[in-house]
Every structure is written in C-alpha cells, then in structure tokens.
Amino acid sequence: MMVIFGIAAFLLNEYRFHAVGKESYILVIVPIILMVVFHLNGRQIFEYDSDGEALNFKNRNIIPFLDKPLHDEFPKYKLIKYEIVSVFFVKRLYVTISSKNSGSTILKYEISYLSGKEVNDLKLSLNKVVKTNKEKND
C-alpha cells in the first residue's frame with residue numbers, strides 16, 4: 001500500500017505539481033526499502049493451536065502478494081523435535097515431524113514478530129508434546 005502511495009505521490013510531483021525537487025525520489029525509495037525489510041523478516045502473522053489431538057500451524061504475510069501463506073496440521077504423535085533459531089532480528093521455528101515416505105520432514109515457520117512471552121509459551125507447549133511423545137515411545 002505504501003509503495004503504491006509513494007509511487008503515486010512521486011508521479012504526481014514529477015508530472016503535475018513540481019512541489020518537491022530531487023527529494024521526490026525518497027517517496028519511492030523509502031517504501032521499497034520497507035517492503036524489502038518486511039520480505040526479509042518473513043511472514044508477520046503466526047498462529048499456533050495445540051488443542052485436541054492435532055497441532056495446527058498457520059503462517060501468513062500482512063501483504064498477501066509477497067509470500068504464499070503456510071498452513072500445516074498434523075497429529076501430535078508425529079512431532080519428533082523442534083528448534084528455534086535467532087539470527088539478528090530474524091527468528092525461525094523448525095519443526096521435525098515423522099513421515100511415512102522419507103522418515104522425517106522439517107517444516108519452517110517465521111516467528112520474528114512474536115514477543116518473548118509468546119515464544120516462551122510456544123516452547124512450553126511444544127516441549128510438553130515432545131516429552132509426551134518420548135514417554136510413549138519408551
């Protein structure tokens with residue numbers, strides 16, 4: 001949205017109003033930089049549901065055309081392990097689940113926009129599921 005408004009303001013300034021000189025390029029550059037940062041940071045909306053017998057992960061972007069939304073649902077007993085990786089301002093959740101064909105599959109979700117409390121709640125919930133699965137297998 002900001003990119004479209006920035007380009008529209010730039011074009012109106014260049015061809016109609018001439019209110020701003022060379023600084024009008026900022027109207028295009030700043031929104032494009034913000035869009036690149038959004039894209040590098042990953043999908044902004046992460047939803048997790050562990051009620052019932054299945055784990056449900058949804059990961060989507062505020063700007064719909066940047067990335068395709070992810071939606072995965074699988075039984076709790078398939079969860080093998082998980083890992084949260086933080087590099088600078090990017091956080092990712094890697095979930096390893098058991099699979100019939102290849103033995104295991106790794107699913108990746110961007111969780112950069114979750115607060116510290118939300119990440120801790122996610123860890124507690126996933127730890128409980130992993131612990132229960134290990135006890136059942138032993």
Side-chain heavy-atom pair R60, H71 within 4.5 angstrom cut-off: no
Value rounded to 0.5 Å, distance of CG in N133 from NZ in K131: 12.5 Å
Heavy atoms of other groups near E135 CD, more than 12 under 6.0 Å: yes
Separation between NZ of K58 and CD of E73, rounded to the nearest 0.5 Å: 8.5 Å
Hydrophobic cluster partners of Y82 (side-chain heavy atoms under 4.5 Å): F46, Y48, L55, F57, L70, F74, L79, I84, L93, V95, I97, L107, Y109, I111, L114, V119, L122, L126, V129, V130
Backbone of K128 reached by a side-chain donor or acceptor of T132 within 3.5 Å: yes
Nearest non-hydrogen partners of V90 and S112, listed with the distance: CA-OG, 3.4 Å
Distance (rounded to the nearest 0.5 Å) between Q44 CD and N59 CG: 9.0 Å
Spatial distance of atom OG (S115) from atom CG (N120) [nearest 0.5 Å]: 8.5 Å
Heavy-atom pair of closest approach, residues S86 and K91: OG-CG, 3.1 Å
I106, CD1: over 12 other non-hydrogen atoms inside 6.0 angstrom: no
Separation between CG of N56 and CD of E47, rounded to the nearest 0.5 Å: 8.5 Å
